[in-house]
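Let me begin by presenting the structure, written as structure tokens, before commenting on it.
Whatever order the structure lists them in is the order used to number ligands and atoms, beginning at 1.
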Amino acid sequence: MIDDLPVGLVARHLAEDDHLRVLAVLDAWWGGLKGGAGSVERALLLPRLYFQHFATTGFLVERDGGEIAAFLVGFLSQTEPETAYVHFVGVDPALHGQGVGRLLYRAFFALARSHGRRHVHCVTSPENTASRAFHTRLGFTASAVKPDYDGPGLDRVAFTIDLSADPAATPWLR
Ligand SMILES: CC(C)(COP(=O)(O)OP(=O)(O)OC[C@H]1O[C@@H](n2cnc3c(N)ncnc32)[C@H](O)[C@@H]1OP(=O)(O)O)[C@@H](O)C(=O)NCCC(=O)NCCS
């Protein structure tokens, strides 16, 4: 399903049983970003419904032994027929910098394209400098910080990428 993953890792689509397993890794993988409030915010951003109704547009990467190694929760926009959206992505810190995040996005972009989607959007917290650097490196365009974007005190940076743009700008996508 996802070629070129590091040896010992295998990918599949999400399943409902993955929900609690993914919740269990969030705080460690996000490094406790934004403390207790961040922990609550992350858990509330991933209710079970994503693993029930958006399973076939998301991915889970596991080690040979079944341990969770990475995930991507995304979906095809219901309201914008040319848009797909990455809601949440995480990679085990032990695997950072090995291209796993990029491979998850490449797989999601291929899926989005196969459904006629041209744009991919996502948002991240301004404090999440790793996420901002990662998305910029992948070729996303970042907005300015949008105050209260997701509610009072929940500022966000919005990212967008045009999948039909000049291939020279995103050679890793082809
Ligand atoms: C952001 C995250 C998904 C990146 O995953 P990853 O597998 O380490 O990323 P990759 O190895 O595929 O990196 C892809 C590119 O982004 C760059 N990049 C990744 N993390 C970076 C960081 N912290 N700072 C600067 N650049 C970074 C890499 O250098 C690489 O660029 P290059 O190879 O072209 O030089 C991972 O750090 C993570 O899970 N963080 C915690 C959860 C999170 O913040 N998720 C995003 C918000 S929902």
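Few gaps surround CZ on R12; more than 12 heavy atoms of other groups in view lie less than 6.0 Å from it.
Using a 4.0 Å cut-off between heavy atoms, W172 makes no contact with ligand 1 at all. Residue contacts with ligand 1, taken as heavy atom pairs separated by less than 4.0 Å, do not involve T129 at all. With a heavy-atom cut-off of 4.0 Å, R102 touches ligand 1 through backbone and side chain alike. Residue contacts with ligand 1, taken as heavy atom pairs separated by less than 4.0 Å, involve N128 solely via side-chain atoms from C-beta onward.
Within ligand 1, counting atoms from 1 as listed, the ones closer than 4.0 Å to a heavy atom of A133 are 24 (N), 25 (C), 26 (N). Counting the atoms of ligand 1 from 1 in the order shown, those under 4.0 Å from a heavy atom of W29 are 41 (C).
By the 30° and 60° cut-offs, the orientation of the rings of Y85 relative to F75 is parallel.
Between the choices G101, G99, G139, C122, the shortest heavy-atom distance to atom 11 (O) of ligand 1 belongs to G99. With F88, W30, F71, F134 as candidates, the residue nearest to atom 13 (O) of ligand 1 on a non-hydrogen basis is F134. In this comparison of H96, R132, E127, the heavy atom closest to atom 36 (C) of ligand 1 sits on H96.
Ring to ring, F71 and F51 are not that close: their centroids are 6.0 angstrom or more apart.
Side-chain contact check for H19 and Y50: no donor-acceptor pair (N or O, by modelled atom type) lies under 3.5 Å. In this model, no donor atom of one side chain and acceptor atom of the other lie less than 3.5 Å apart for S77 and E80.
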